[in-house]
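Only heavy atoms go into these numbers, but all of them, side chains included; no hydrogens, no water, no symmetry mates. In what follows, every chain begins at residue 1, and chains take the letters A, B, ... in the order their sequences are listed.
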Amino acid sequence: MAEMYIRVAEEENEEPMEIPSEDDGTVLLSTVAAQFPGACGLRYRSPVSQCMRGVRLVDGILHAPENGWGNLVYVVNYPKETVLPDNKRKMDEIDASSATKIKRGDQKTSDLIVLGLPWKTSEQDLKDYFSTFGEVIMVQVKRDVKTGNSKGFGFVRFTEWESQGKVMSQRHMIDGRWCDCKLPNSKVSPDEPMRSRKVFVGRCTEDMTTDELRQFFMQYGEVTDVFIPKPFRAFAFVTFADDQVSYCCFRIDFKCSRTVQPKYSDVCSTFYGGLFPDPG
DNA sequence: GTTGAGCGTT
């Protein structure tokens with residue numbers, strides 16, 4: 001395998017840096033550490049399970065996941081701040097500048113947007129609810145400035161990374177409504193749309209089924225989700241396991257007939273034609 | 001009948 005680059009960032013939604021692999025497709029931990037001093041490993045969010053997964057590390061060599069590195073963003077692991085006696089010596093070897101980096105890079109939390117709140121839910125209600133997941137350092141309910149009425153969403157922030165992960169991984173019943181907690185849009189880097197694993201599928205006809213879309217898009221890569229809004233809205237979303245795939249599909253336009261046919265945009269046919277079957 | 005509702009006064 002020729003040298004390639006994998007994308008690595010300190011946090012999931014931060015601008016990634018491209019790190020070169022070795023000829024055999026592995027990545028040296030030392031190469032990662034050259035850019036992220038103090039790094040002790042990598043993890044990534046599994047496109048299928050949506051859980052964080054560790055990258056296999058043997059003798060300083062990082063091994064690609066089952067299906068290759070793909071275009072996922074790998075997140076740097078740093079040693080925990082609480083160090084066991086056995087690891088003490090290793091920690092001492094890390095220089096002072098990287099020590100501050102460890103604190104910063106050690107999975108700091110971010111605000112989460114809480115969507116779907118009942119109008120009546122207050123800050124205190126939010127705090128009471130989310131405190132069951134861990135220490136809450138901030139809650140907000142966004143309100144109309146004039147009327148003071150809730151806008152139906154808010155924000156929450158936890159002290160612990162683990163609490164944030166747990167909260168993002170599930171839905172929440174708050175005051176009788178199901179709510180979702182996500183990383184807010186404003187935190188997403190500007191080029192995010194091009195890296196989305198999700199493609200918009202326009203001009204759908206009402207008879208199209210999720211199975212049909214799945215069958216069709218499978219030819220481009222592993223499909224993890226197909227969403228067709230109800231009632232019928234003439235569009236759908238298809239989510240792939242690998243974000244590079246959806247980048248390639250970014251400009252595919254659908255002709256919605258019973259047999260689904262893609263139309264190739266200039267972008268796809270020029271730069272990514274190899275990934276697609278011939279239009280004819 | 002072409003973007004899932006909703007994205008933050010500091």
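- Using a 4.0 Å heavy-atom cutoff across all strands shown, A:Phe155 reaches at least one base atom of the nucleic acid.
- Rounded to whole Å, the distance from CZ on A:Phe153 to P on B:dG8 is 6 Å.
- When the nucleotides B:dG8, B:dG6, B:dC7 are ranked by their closest atom to the side chain of A:Arg177, B:dG6 comes out on top.
- For A:Lys142 and A:Trp119, each mapped to the nucleotide of DNA chain B holding its nearest heavy atom, the one lying further toward the 5' end belongs to A:Trp119.
- Remark: the A:Asp128 side chain and the A:Gln124 side chain contain an N/O donor-acceptor pair separated by less than 3.5 Å.
- No engagement by A:Glu206 is indicated, since no non-hydrogen atom pair under 4.0 Å with the nucleic acid exists.
- Within the structure, every side-chain polar atom (N or O) of A:Lys151 is placed at least 4.0 Å from both OP1 and OP2 of B:dG8.
- The residue A:Gly154 sits apart from the nucleic acid: no heavy atom pair falls under 4.0 Å.
- The side chain of A:Leu115 has B:dC7 as its nearest neighbour among B:dT3, B:dC7, B:dA5.
- Residue A:Glu123 contributes atom CD, which lies 16 Å from atom P of B:dG8 at whole-angstrom precision.
- Nucleotides of DNA chain B nearest to A:Gly116 and A:Phe232 differ in position, and the one nearer the 5' end is that of A:Phe232.
- Rounded to a whole Å, the CG atom of A:Asp207 is 14 Å from the C1' atom of B:dG1.
- Between A:Phe155 and A:Phe153, the ring planes are perpendicular. Angles over 60° get that label, and only those under 30° would be called parallel.
- If you take CG of A:Leu117 and C1' of B:dC7, they are 13 Å apart, rounded to a whole angstrom.
- The A:Lys182 side chain lies nearest to B:dC7 when the options are B:dG8, B:dG6, B:dC7.
- Classified by interplanar angle (parallel below 30°, tilted 30° to 60°, perpendicular above 60°), the ring pair A:Phe158/A:Phe133 is perpendicular.
- Side-chain proximity of A:Phe237 to the nucleotides B:dG6, B:dC7, B:dT3 is greatest for B:dT3.
- Taking atom CZ on A:Arg143 and atom C1' on B:dC7, their separation rounds to 17 Å, with Å as the unit.
- Separating the CG atom of A:Leu126 from the P atom of B:dG8 is a distance of 17 Å, rounded to the nearest angstrom.
- One finds no salt bridge joining A:Lys151 and A:Asp144 here, because no Lys/Arg side-chain nitrogen approaches an Asp/Glu carboxylate oxygen to under 4.0 Å.
- Per the geometry, CZ belonging to A:Arg233 stands 7 Å off P belonging to B:dT3, to the nearest Å.
- Distance, A:Gln140 CD to B:dG6 C1': 15 Å, rounded to whole Å.
- A:Glu160 has no carboxylate O lying under 4.0 Å from a charged side-chain N of A:Lys166, or vice versa, which leaves the two without a salt bridge.
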